[in-house]
Number of protein chains: 2
Amino acid sequence: MNSGISIKELAAALNLAPSTVSRALNDSYEISEATKQKVISMAEKLNYQPNPFARSLRANKSRTIAVVIPERINNFFAKVIDGIEEIAQEHGYHLLVYNTHEDVEKEKKILSLLQNGRADAIVMSVTSQTSDISHLRKIHERGLPLVFFDRICGEIPTTKFITNDYESAYKGTNHLIQQGCKKIAFLTLSKDLSITKERYRGYSDALKMANLTPEPTFSLYCKHSDEDNTELILKLLQSENRPDGIISSVEKLAISTYQAVRKTNLKIPYDLKIITFSNMSIAGILNPSLTTITQPAETIGQECAKLLIKKLTRPRQPDFLDQIIVIPSQIQIRESTMVR
Amino acid sequence: MNSGISIKELAAALNLAPSTVSRALNDSYEISEATKQKVISMAEKLNYQPNPFARSLRANKSRTIAVVIPERINNFFAKVIDGIEEIAQEHGYHLLVYNTHEDVEKEKKILSLLQNGRADAIVMSVTSQTSDISHLRKIHERGLPLVFFDRICGEIPTTKFITNDYESAYKGTNHLIQQGCKKIAFLTLSKDLSITKERYRGYSDALKMANLTPEPTFSLYCKHSDEDNTELILKLLQSENRPDGIISSVEKLAISTYQAVRKTNLKIPYDLKIITFSNMSIAGILNPSLTTITQPAETIGQECAKLLIKKLTRPRQPDFLDQIIVIPSQIQIRESTMVR
DNA sequence: CCAAAATACGAAAACGTTTGCGTAGTTTGA
DNA sequence: TCAAACTACGCAAACGTTTTCGTATTTTGG
């Protein structure tokens with residue numbers, strides 16, 4: 001309602017021109033120390049708060065970063081945002097956060113809302129359904145700084161932050177093999193996802209290296225509903241030629257696996273070993289505790305934000321390089337992949 | 001960088017005045033249908049996007065709601081935000097999200113940043129450390145619409161949304177008693193928190209009703225660090241007069257309890273039964289599965305947003321009533337409180 | 001001592017909207 | 001038929017900043 005006093009009123013209270021007050025508050029060399037002090041103390045006294053919209057209008061900058069994620073109830077994305085917020089706050093930036101709920105149409109709507117300059121930059125992780133990327137291209141060609149993390153879009157020439165998906169999947173799969181698994185299944189969400197492809201490559205290469213062949217029926221591309229996924233996995237576990245090891249590309253599919261296993265008389269890790277990409281704090285208290293590949297979520301968020309802010313605050317910074325920056329994950333071995 | 005074309009340029013392309021274009025786009029009765037059509041199609045063609053800051057400056061409204069939470073890696077808060085976002089998006093509102101990390105000083109800084117009209121309203125859950133409430137009072141007295149949820153601040157006369165904390169705690173405790181518990185402990189974060197007090201009352205009253213007395217050593221006020229909490233709980237479990245039932249006010253203390261139990265040779269639910277306030281999707285796959293009191297998080301978020309938006313979009317809406325709106329939780333009984 | 005430079009400030013424009021007011025041209029009504 | 005009302009649009013101000021330019025006063029330098 002009442003958004004406090006304006007710079008004009010503050011100027012009037014000081015018998016100065018608004019321009020002088022503005023310069024004093026922005027510590028301009030053109031203003032004497034004495035005047036600066038007077039202005040600052042009066043501003044304090046009257047609790048003057050500059051109107052951010054007037055500023056944004058004038059400067060054509062919003063000091064705001066938009067974060068677009070596919071899921072909010074997800075420790076990985078939550079941690080990434082925490083990382084972004086930390087750096088953003090240090091530099092006086094605000095965060096607009098949008099959840100696409102894994103829905104491309106929603107993603108398009110949100111990006112279209114961000115075309116008008118409401119945010120100075122966008123950091124996002126795409127939907128598992130995003131194959132048409134015209135909306136991303138549009139934003140990028142408009143010159144709005146855009147970086148991707150985790151679920152990246154390779155076709156857009158900008159900087160992307162991911163973890164070492166190939167390597168982690170390779171190592172994870174190899175770990176299963178070393179623990180004695182012969183028939184290893186791969187669980188993931190969408191075929192289109194960049195990270196899926198990389199992780200599948202890692203899984204596949206590890207199998208080949210061990211002279212095992214990846215069976216098509218062992219690659220499970222799951223849906224959105226947890227119940228459906230549990231059903232799908234259950235079917236796989238009850239099939240004649242069931243897997244004895246599982247590597248899951250997403251946390252929640254590991255959860256679904258645990259749930260499916262409960263409906264069988266299989267025992268983890270004896271009959272089935274499982275490892276998953278995850279950021280759960282409670283992986284350790286699951287029974288049996290869950291072996292995880294943990295992505296450096298906060299770090300990814302921090303790096304995204306650092307890069308963006310560098311670009312936004314320096315005068316003539318070049319565009320983002322078309323490159324992929326890799327921040328390695330860490331494998332935490334727990335009971336779910338123990339030999340005995 | 002380039003924020004597209006302005007209404008002036010659009011007007012020039014149409015040989016019209018900016019005012020006419022503005023009115024046409026806002027569907028004013030003063031503009032003929034023919035002109036409206038022309039304007040709209042040209043706006044489409046040139047991809048005209050109104051500048052939000054010019055609008056905000058002019059209207060003194062930002063179409064933005066600020067959400068302030070103490071923790072982001074928390075299913076409850078994530079779900080609440082999802083609920084808020086759903087309703088906000090329907091009405092064209094954007095969400096600025098801030099995490100206080102349970103730090104009052106950060107909370108103060110954030111609220112001070114919100115004084116300048118960047119957001120039209122605030123919906124928040126306070127820190128577990130918030131006892132000095134001058135910053136909240138300041139915002140409220142400034143006339144900025146403010147609602148609380150879950151962690152509410154009773155002293156501020158506005159509308160608050162909570163779950164039936166007293167009743168749920170009472171029922172939860174009673175459930176433990178009926179399952180045979182005699183010595184029930186209560187785990188929580190801070191004494192200052194509104195919800196802690198209510199939940200403790202429910203716990204305490206349930207004990208009294210069953211002729212049990214709440215022992216002081218059975219009320220554990222935990223810290224921020226998960227490791228410390230696990231230690232604290234472990235000590236309680238190893239004490240001579242250990243509890244045989246636990247009701248936890250916060251999800252993560254139940255997790256810590258599971259972790260502590262692992263370091264003893266106690267068995268849930270045989271030696272210790274446990275129930276917790278929680279929004280975990282995976283409570284069911286913990287071993288043993290965890291009995292929970294689930295708060296209606298999305299609904300709480302939706303209701304907060306509905307109320308705010310009603311106030312923001314109707315012309316002369318009265319101030320929020322000083323009232324507490326209760327949305328009941330649901331108790332989900334699982335193995336952790338089973339008799340056998 | 002006086003021109004030139006430096007200091008410290010003010011006036012006004014600009015950012016992109018929306019809106020109150022004014023006004024041609026047209027329609028209405030008795 | 002002609003004043004009154006209506007229609008459809010334009011002009012200009014306003015929102016609160018920042019910044020360019022201008023200028024009165026003081027300081028500097030030879």
Side-chain angles (χ1 to χ4, degrees), chain A residues 1-40 42-43 46-64 92 115-120 313 315, chain B residues 1-40 42-43 46-64 92 115-120 313 315:
Chain A
M1 294 279 137
N2 52 6
S3 59
I5 71 167
S6 74
I7 202 169
K8 286 184 191 171
E9 302 174 81
L10 177 56
L14 283 157
N15 269 329
L16 288 173
S19 51
T20 306
V21 175
S22 172
R23 276 186 270 249
L25 291 174
N26 292 322
D27 202 27
S28 161
Y29 70 97
E30 287 184 297
I31 304 299
S32 71
E33 271 313 312
T35 306
K36 280 185 190 172
Q37 287 311 317
K38 278 184 208 163
V39 170
I40 291 172
M42 181 64 85
L46 300 186
N47 190 28
Y48 167 71
Q49 305 275 356
N51 182 309
F53 304 116
R55 273 193 168 165
S56 293
L57 178 60
R58 173 70 222 227
N60 203 23
K61 281 176 192 163
S62 62
R63 289 201 147 240
T64 298
Q115 281 189 67
N116 55 17
R118 190 176 283 269
D120 292 341
T313 54
Chain B
M1 293 279 137
N2 53 7
S3 58
I5 73 167
S6 72
I7 201 169
K8 286 183 192 173
E9 302 174 80
L10 177 56
L14 284 156
N15 270 327
L16 287 173
S19 49
T20 304
V21 175
S22 172
R23 275 185 268 251
L25 291 174
N26 292 322
D27 202 27
S28 160
Y29 71 98
E30 286 185 296
I31 305 298
S32 70
E33 273 312 313
T35 307
K36 280 184 191 173
Q37 288 312 318
K38 279 184 207 164
V39 170
I40 291 172
M42 183 64 84
L46 301 184
N47 191 25
Y48 166 71
Q49 305 275 356
N51 182 309
F53 305 116
R55 272 193 170 167
S56 292
L57 179 59
R58 171 72 218 224
N60 203 22
K61 281 176 192 166
S62 62
R63 288 201 146 239
T64 298
Q115 280 187 67
N116 55 18
R118 190 176 282 269
D120 292 341
T313 52

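Bear in mind the structure is a predicted one, so any value in this text is a computation, not a measurement. To find a chain, count down the sequence lines: A is the first, B the second, and so on, and within it residues start at 1.
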Respond yes when some side-chain nitrogen or oxygen of B/Ser19 is under 4.0 Å from OP1 or OP2 of D/dC11, and no when none is. no
Any B/Thr20 side-chain nitrogen or oxygen under 4.0 Å from OP1 or OP2 of D/dA8: no
For A/Lys61 and C/dC15, what is the distance between atoms NZ and P respectively, to the nearest whole Å? 16 Å
B/Ser56 side-chain N/O to B/Pro52 backbone N/O, donor-acceptor pair under 3.5 Å: yes
How close or far is atom P of D/dT17 from atom CZ of A/Arg63, stated in whole angstroms? 15 Å
Would you say a side-chain N or O of B/Tyr48 is under 4.0 Å from OP1 or OP2 of C/dT17? yes
Could you tell me which non-hydrogen atom of B/Ala24 sits nearest to which non-hydrogen atom of B/Ile31, and how far apart they are? N-CG1, 3.9 Å
The residue, B/Val21 or B/Leu57, whose nearest nucleotide of DNA chain D is more 5′ is B/Val21
By nearest atom, which of the nucleotides D/dG10, C/dT19, D/dG16 is closest to the B/Ser22 side chain? C/dT19
Taking every non-hydrogen atom, the tightest pair across A/Gln49 and A/Asn47: NE2-OD1, 3.2 Å
With a cut-off of less than 4.0 Å, is there a side-chain N or O of A/Ser56 near OP1 or OP2 of D/dT17? no
Is there a side-chain polar atom (N or O) of B/Arg55 under 4.0 Å from OP1 or OP2 of C/dG16? no
Rounded distance in Å - CD (A/Glu33) to P (C/dT7): 13 Å
Would you name the heavy atoms of A/Arg118 and B/Ser62 that are closest together and state the gap between them? NH1-O, 3.6 Å
Round to the nearest Å and state the distance from B/Asn60 atom CG to D/dT17 atom P. 11 Å
Atom NZ of A/Lys36 and atom P of C/dC9: how far apart are they, to the nearest Å? 10 Å
Looking only at C/dC9, C/dG10, D/dT17, the nucleotide nearest the A/Arg23 side chain is C/dG10
NA contact type, A/Ile31, heavy-atom cut-off 4.0 Å: base, sugar-phosphate, or nothing? sugar-phosphate
Working note: A/Leu25 + A/Tyr48, criterion side chain to side chain contact (heavy atoms under 4.5 Å, CB included); need CA distance, chi angles, decisive distance, verdict. CA-CA 11 Å; A/Leu25 291 174; A/Tyr48 167 71; 3.5 Å; yes
Rounded to whole Å, please give me the gap between CG in B/Leu10 and P in D/dG10. 12 Å
Whole-Å distance separating the CD atom of A/Glu30 from the P atom of D/dT18: 14 Å
So, is B/Thr35 close to the D/dC9 phosphate, meaning a side-chain N or O under 4.0 Å from OP1 or OP2? yes
When rounded to whole Å, the CG to P distance for the pair A/Leu25 and D/dG16 reads 16 Å
Can you tell me if the side-chain N/O atoms of A/Asn26 get under 4.0 Å from OP1 or OP2 in D/dT18? yes
Base, sugar-phosphate alone, or nothing: which one does B/Ser32 contact when heavy atoms must sit under 4.0 Å apart? sugar-phosphate
